[in-house]
Structure formats: structure tokens, C-alpha cells
Amino acid sequence: MELYVRNLFLMSVLLYVLGAAASALIYFFRKPDKTGMTGSFLVNAFCIVASGLGGAAAVAKILFAVNPLELINLSSAIPFISLEMNLDNLSAFFVLALSVLVFSVSIYSIGYLSHYNGKRNIGLFNLLYTMFILAMIGVLTSANTVCFYIFWEAMSLFSYFLVVFEAEKEENTKAGTVYIVMTHIATALLLIGFVIIYSYTKSFALNANTMAIPGIVKNIVFVLFLIGFGTKAGVIPLHIWLPHAHPAAPSNVSALMSGIMIKTAIYGLVRFVLCYLGIQNTWWGIVILILGVLSAVLGVAYALMEHNIKRLLAFHSVENIGIILIGLGVSFIAFAQHHQIVGGLALTAALLHTFNHTLFKGGLFLGAGAIQYAAHTKNIEDLGGLIKTMPLTALFVLCFSLAISAIVPFNGFVSEWLTYQSLFANILPEHIGLNFLAVLAVAALALTGALAAACFVKLFGISFLGLPRSEQAAKAQDVPATMTLGMGILAALCLGIGLFPLTMIKLLDKVVFSVGGGSIYGQLQGGFMLAYYPLTISVNSISPLAFILALGAIILLALIVIRIVGGKYIERRYGTWDCGFEALNSRMQYSATGFSKPIKIVFRALFRPVRKTIVEGDSMYHPESIMYSTTVTSIFEDYLYEPLYRALLRFSKRTKFRVQTGSIHNYLLYIFALVLLLMLYNRFA
Amino acid sequence: MNSIVYLLIQLLVILLVAPFVNGLIKKVKALSQKRKGASVLQMYFDLYKLVKKKPVVSNISSWIFHVTPYIVFATALAAALLVPVSTKILPPQIPGDFIMVVSILALGRFFLMIAALDTASTFGGMGSSREAMISALIEPSILISMFTVALISRSTSLPQIMETVQKVGLPLAHPVYIMVGLALLIIILAETCRIPVDDPATHLELTMVHEAMILEYSGRHLALLEYGAAVKQLVFMTLFVNILIPQDQMIGFMGLGALILSLLIYLLKVILLALAMGIIEVNTVKLKLFSIPNLAALSFILAFLGVLQFLILGGKHV
């Protein structure tokens, strides 16, 4: 069995490599237009099959193979560098998430890329796309830190190239710069952490024994990892690259970046902190929990103020990473205190939310891409009425919106319910301080859920319903079937996991168990009903399936009763009430700005809104035109990064002429001094 | 068998009592204004009349507009199935807890809010936007207050919570429950769109929230929405009375008689709460929209104080 799984997985990797090779050929020998599309179809077909195989291998690994599988083990002539790849349950789970997403995104891409046809080199795009996927698989399966580091760097670089793929727009290159700088600072910190660990264990292998590392060093390494992975995940206040980079990238890439790339950081935290370093202190979990609460609330709050669909979604990624971190934080706290069952439950919640977020956020970015494809704008204020031209996209985006707002019967609800339950189970009488934190986290989760619902009512209601607010939106046409299909698969999975959560939890339980968590599956009962029995006598359970059946039955009953009492349904179509004035037009509708204004006013201390009104015309009472614009202040960029950036500039300006004198003699002196220092260090240390 | 009886009782009681409660509150308001007012049964007649009427549908709207009334009504009723009106008959396991109830109601609210945007009407957008704000502000306090009682009973399931509070004796004399009770009272007013948060009797755009969202609805659609709102109101009232004024422990016997007695007491409690809500509504003024955060904050603080008291005092049973 294990051999089959291994071969299946390697086959999938090989197919990706073939896809990359094919796109490289197309890139170099492309003929304009026609071949580009055929080639693109071919490469995407490779990716679809590869992801299918990869996903199957991952599921098979988790279900049937107990021990980690060694995939590749190639040592090289260069010391320390050897290509070692393993597939254990944790890796397999993330590979599964990646495969599911790549599967549907690749289907979507067949149609989506057609708008680049003749304008851009699709071969180059596909090359970067497949290499990006390969790099992520490498990150998820690396068995030593050097390997991990190389793939991590490759992942960052390929995603950077994809972010700046439409490089002629200035905001894209700017976004790319912010992204690459942030991600490299993070990578540098990770590298320092790896080297510190190496200096104690003398091994780069991920299964090295880290018991001997002193506590204080472990704490330092934890902080390095937290900042390093936190930046990639987009944890507040390290999130600033996310709302720049996601909108800049093409939508199918945004789906991958938000859907799975930022999750590699969650993988990193679990892999390196929980499995590799081992949880040492309770405060580790507490820090993660606090960061999670902050990210969740602030992420959704900023999302509400955004009117660029993709920036809005990027902020929701920050929010959802926050929710994942709440679960992760609780699990780390519980593990530190040796409550393996609570820890297992919380980790299940966090990982399930990771998977769910991959599905619905990936889907939402695909939806945003479809809107952009059809209406040529990312601005919600210019949209409206799209449900009539693109009914299926509207339906799927509605599903994703409900899922991300944690509403039954979609998957987001199940993972948030588990998060609530883990917070609930973590409230033990002996830790008053922790309990306060848990209660605050509950309040934050509730607020986050409600604000997310508000935000998605805005996104869905303003862009798909009502009257079109611009020419482009009125002229929009439906997207190609492949794009719809790509979204449809993800929507079906969101509903499927929502209705049958036990299937995922069964899989997850093995993953959680393999990283040292207590098994909660033994405490689950009831076939297709999800029922988590807490440690005490009480009975908490939810069943989305029972709910949806009840909902259907009630609706049917209502229909029958109304039919009997009220007779056949005959409606009269008439215009919307326009207060008896002129005919209603699209400018009379609520705008996205107007919709979120009450919330902006309520939280004005946070948003610090700035408004500008420009009145043109001579008469005060009869102005020719009024321009009104309002923006919110981004406190982290203005009060944290701006001063930091300015201080850095000042510092480098000052040192420029003293250190970097431009004289080669000085530089030689520096080199000599450094060599001397190193020799002295080697002699005495 | 138990489950079927439970479902039937829940359905019948909630469906029959919900419009009556609305009539009762209206009656209190009328009497306080020295009017005779409509009969307490007026809402039943209204519903009947509305179902018979031919609905007018905006020609801008999509299928969202058509399905929303059904979803709003069905979610309210589905949530009602999870909140037992009597603990004298309970199925072995209810597939949902209070977190699920909140989420189910959120489904209905989500559809109501998008349906309001579907007709391109300014009123709809206004109501939807305000509802989004109010629900966001009130949701943390719902979760925290319910979480507090859940902590005491070590379970988030509502039957479990209701059975635990029966051992407390008189919960309303216990500091934790007093806080939670006050928080819940504010939640009820906000969730059921009553003064001081919203005014169910108004048709002035400055004050409308719920009414603005359903402005474009007529006929059977409106009937379903009104009925749904009444059911939702009763769900919250049931939550309040059955957690804070439990009575089933006083009935010393089991069987059909106990069930009927328990339901009668439940009815009495609901009537009393409805009268109290009517009196509150008569004696308060509608807050301006941006004062609602203060009220929500008050509710949140009360709920939070409740949970803090529990955590510090360990307020098990008194």
C-alpha cells in the first residue's frame, strides 16, 4: 500500500514537472495567439490530473499508511544540502488542501486565461503557475530545514513574479515590492531560527531531537518562527503586504496565494513549533491566541471598509488566519498543560478551518476573477445586477459568502463551532486569567462572524443585486463554463463538508493524533451527525444535515399551507417604490460606502475616517458638481510602518557617507576586520 | 417517539403562541394610550388576509427576493425547534446548541439583508445597512450571555442548560443570572426590532430598520416575513423565560398532566414577559441610531460581568 501511495504521489509531482516543462517550451517557442491557448489548456489539463493524483495519494496516505513515507532522498555533493522529502499525515493533509484547490483553480484557469490571449505570454504564466505549485508541494513535504528553506524561498519568488505579472500597472510593481521585502524579512528570521537550532542539534533533519535546547533559546526560536511564519500568514500587524499583493495578482493566482500559500505558514507553525520544537510554555499559546483575536477582529473591520473586491477578500484572509490562530493558540495552551484531548479538539478546529478557508476563500477569489472578467472592474461601487447575467457565479459566490460568515449549513460554521467548543472546553476552573482570555476570544469570534456577514451582504448585495451602477456592469456577459465549473466544485465541497463534517473530521483526527493530540474521534458518534461529546456529562451536538432537512420540510409545509389557503401563486410585477418621484435609477440605490457607513461611524476611533468634499461652481446654493470621497486611516501603515521606514531611511542616509565611502581601501579594511574577528571567534569559542 | 412528540409540541406551541404575543404587546401599547386597540388575535387575521392577497413583486428583483420569505420563516421555525418550550418532554438528543441557533438565525438575517438590496430600493439598502450594524453589535453579547449559562451547566446544549438552571432554585436571585438576564432583555429588544432599537409601528425612513427591509414585500411573502419575525421573537422570549424563570422542577410528577401543566406555566411566563415588554416599549423612547452602540455595549458589559462573576465566584449553585 505504502509503495502505491508513494508512486501515486511521485507521479503527480512528475506531472506538474511535465506541465512546467511544457509551458516552458510554449514560452520559448510560442506562436502568437492560437497555440498559446491550446498549450495553456494542455498545461492546465496536466495540473488537473496531477492534483487529482496528489489529492488521492494524500487521502490514501492518511487513511491507510501509518508511518511517514519517504518520497525522495537524494544527497548531493554540497555539504548540508540534500533533497529529502517525506509525506506524513500533517504534510498529506496540507497537500490534500492544495490539490483540491489546484484542481478547481486549474479548471477555472482554462477559461480565465483566455483574456490574456494575444496580449500576454500565457506560456510564461503557466510556467510560473506550475513552478509555484511545485514549490508549495516542496515546502509541505521537506524533511530537512535546508530543503524547506530553499522551497520556501522558491515559493516566495514565484509568487512574487505572479504578483507582478501585469507589471505595466504601477500599483502592481509597488505591491510586489512591499510583498518581497516583507516576505524576505520573514524568511531571514526563519533562517536564523533554523541555524540556532542546528547549532544545538547538529542536524538539519526535521525529526532531530530538540530536547537538549535550553529553554531560553527555545523561547527565542519560537519568537523568530512566530514572526517569520506570522508575516507569511498575514497576522496583524505583519499583514500589510496582503492587501497589496492579492489584488495585484491575477485572480487564479490570488486564489492559490490566499487559499493555500498563506496556509503554509500555519503548516510551518504546527510543524516547527508543535512537532519540531515542542510546546514548552503556556505563554506561546497565549501570544498566538491574542494575535489571532486581533487579526480576526481588525481583519474583518478593515475588510468592511474596502470597496475593491480583491482587497476586501485579502483582509478577510487576515480575519480567517486570525480564527485559525485562535484555534491553534488554544491547542498550544492545552498541549502546554498536557490536556491532550482539548488540544486535539482545538487543533482539529484550526486545521479544519484552514481547509475550509482554502475552499471558500479560493472560491471567492475565483468569483472576484469572474466578476472582473465579465465587468472589467474590481470596484464594488461600479457593479450591480450581475445575478441576471451570471446566475451561476452569483449562486456560488452566495454559497462562499455564507460559508465564510460561519452560517449553517456550510463548512465555515462547523469549524467555527469546533473553535467555540475548544474555547469552551479550555475554560477550566484553575486558570482565571486564561478564562478571561477565552471569554474575550468568544466575544471576538462572535463579533467577527457578524461583521463578516455584514461584509458579505455588502459584497453580494451590491455587486450582484439591484441595478447595474455602471456601463460595464450593465454590459457584462457570463463567463466561460470552465470558470463556472471551477467555482462550482469548490461550492459543492463547501456544502458537502458543511453537511457531512464527520468525513473530514475522521481524516483530521489521524492527522491530529500523529502530531500528539488526543483523538477526539472516539468521542464522536452518530454516523453522519456531528456530535462532539465533551469530557463532562453534558451533550453538545450539532447536525447541519438535520437542520437542512428540517428547513426543507418547513418550507414544503409552508408552501402547501399557503397554496391551500391562498390559492395559486399569481404575482404582479411592478416597479420598486420610488417615493412617487421620477423613475428609480441606479444612483438612488445604496452604495457600498453607504452600506458600511454606520459601522464606520460606530468604530470611528479605529478607522479614523477622513472625508473630502469638493464643491465646484460659483454659487454656494447651486453647485455644478460635488465630489465626495472618504477614506479610512490604516493605523498600522501610518503609525507603525511609516515611522519605521522613515527612521530606516534617515539612518541609512547618515551612515551612507561614513561607512560606504566609495573607497576600495575602506572596504578591504572591513573585509580584513571581519576575517580577523571570525578567526578570533573560532579560536576562543 | 419522544422526538416526534417533542417536535409536534414545539411546532404547535410556537406557531400558535407567536402571533398572540405580538397582539398582546400591541394591546398593552393601545391601552396605555387610552385606545381600545385591536384584538389580541388581530395578527392571525392579518396573516390570513395577507396570504389571500396577490403579491406585487418589483420588476428589478431576482430569485433572491422570492426565496427569502420562505428562508426567513423556515430558519426562525427551525431555530425554534432547538429551544425547548418545556423540559417535561425532551428527545434523547437535540442536534443543535445555542451556537447553532445563533447561526440559523444569521442565515435568515443574511437573506433578509440581501433581499432588501435586491429591489434596488433606497429604503431596502438603508434597513439592510442598519440591520448589519445592529446585529454586529448585539451578537457578541448574545454569545457571551449564553456562554455564561453554558459554563455553569458545562454544556452548550439548550435542554441541558435548562435542566441545570432548574437546580438553581430561583436564578433571578443569583448575581450571575441577574446580569445575564438584563443582558438578554436588551438582546430581546434589539433582536425583535422593538423600541428603543427599532420601531415596529413606524413608516418613517429616519427610524426604520426592519420595516425598511421588508418594505417591498406584500401578500403571502409579507405574511411569511411577519410570521417569521413573530416566531423569532418568541424564540428569544422562550430562551429568556426558560433559563431565568425555570418552573418544571416544581411539578412533582411526570406524564401527560405534567407536560400540560408545564406548558400552561410557560404560557403564563410568556404572557408576563410580553406585558413587561409592552410596558418597556411604552415607557422608553426610540434611541437615535448612533446611540444604539451604547445600549449594545451595556448589554455586552452586563453579560461580561456575568461571566466574570461566574469565573471569580465559581457561581455553581446557590
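What you see is a predicted model; the values in this text were computed from it and never measured. Note on naming: letters A, B, ... go to the chains in the order of the sequence lines (proteins, then strands), and numbering restarts at 1 for each one.
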Just do the side-chain contact (heavy atoms from CB on, under 4.5 Å) check on Trp63(B) and Ile387(A) with the steps written out, would you?
CA-CA 9 Å; Trp63(B) 59 268; Ile387(A) 195 168; 3.6 Å; yes
Supply the atom-to-atom distance [X] [atom1] to [Y] [atom2], rounded to the nearest 0.5 angstrom.
X	Y	atom1	atom2	result
Phe290(B)	Ile601(A)	CZ	CD1	3.5 Å
Met133(B)	Lys597(A)	CE	NZ	13.0 Å
Ser135(B)	Leu451(A)	OG	CG	8.0 Å
Phe460(A)	Ile114(B)	CZ	CD1	5.0 Å
Arg572(A)	Lys54(B)	CZ	NZ	6.5 Å
Leu557(A)	Leu11(B)	CG	CG	8.0 Å

Quick one: closest heavy-atom pair of [X] and [Y], and the distance?
X	Y	result
Ala74(B)	Ile555(A)	CB-CG1, 3.6 Å
Pro140(B)	Ala443(A)	CB-O, 3.8 Å
Val457(A)	Ser128(B)	CG1-OG, 4.0 Å
Ile99(B)	Gln421(A)	CD1-NE2, 4.3 Å
Ser155(B)	Phe424(A)	N-CZ, 3.5 Å
Leu423(A)	Phe147(B)	C-CZ, 4.5 Å

Mark yes or no for whether [X], through its side chain, and [Y], through its backbone, hold a donor-acceptor pair below 3.5 Å.
X	Y	value
Glu216(B)	Trp577(A)	yes
Lys458(A)	Ser129(B)	no
Ser103(B)	Ala406(A)	yes
Arg573(A)	Val56(B)	no
Thr576(A)	Ser58(B)	no

Between [X] and chain A, which part of the residue has a heavy atom less than 4.5 Å away: side chain, backbone, both or neither?
X	value
Ala150(B)	both
Tyr70(B)	both
Leu215(B)	side chain
Tyr227(B)	neither
Pro293(B)	side chain
Ile64(B)	side chain
Phe65(B)	neither

Pairs of heavy atoms under 4.5 Å with chain A: top-ranked of [options]:
options	result
Leu77(B), Leu289(B), Ile134(B), Leu107(B)	Leu107(B)
Val67(B), Leu143(B), Thr148(B), Asp118(B)	Asp118(B)
Glu131(B), Glu163(B), Met100(B)	Met100(B)
Ser218(B), Pro55(B), Gly219(B)	Pro55(B)

Side chain, backbone, both or neither of [X] within contact of chain B (heavy atoms, under 4.5 Å):
X	answer
Ile570(A)	both
Leu551(A)	both
Thr448(A)	neither
Phe464(A)	neither
Lys600(A)	neither
Leu445(A)	neither

Taking side chain as C-beta onward, heavy atoms only, is [X] less than 4.5 Å from [Y]?
X	Y	value
Val57(B)	Tyr574(A)	no
Leu117(B)	Phe595(A)	yes
Leu81(B)	Phe547(A)	no
Thr119(B)	Leu465(A)	no
Phe310(B)	Val439(A)	no
Ile407(A)	Arg109(B)	no
Leu224(B)	Ile562(A)	yes
Asp97(B)	Tyr420(A)	no

Hey, can you tell me if Tyr569(A) and His221(B) have their rings parallel, tilted or perpendicular (30° and 60° cut-offs)?
tilted
Answer yes or no: are there more than 12 heavy-atom neighbours, outside Lys388(A) itself, under 6.0 Å from its atom NZ?
yes
Show your reasoning for whether side-chain contact (heavy atoms from CB on, under 4.5 Å) applies to Ile104(B) and Phe413(A).
CA-CA 10 Å; Ile104(B) 291 174; Phe413(A) 170 69; over 6 Å; no
So which residue, Gly461(A), Ser591(A), Ala452(A), ends up with the most heavy-atom pairs under 4.5 Å with chain B?
Gly461(A)
Using only heavy-atom distances, determine whether the side chains of Gln589(A) and Thr122(B) contain a donor-acceptor pair under 3.5 Å.
no
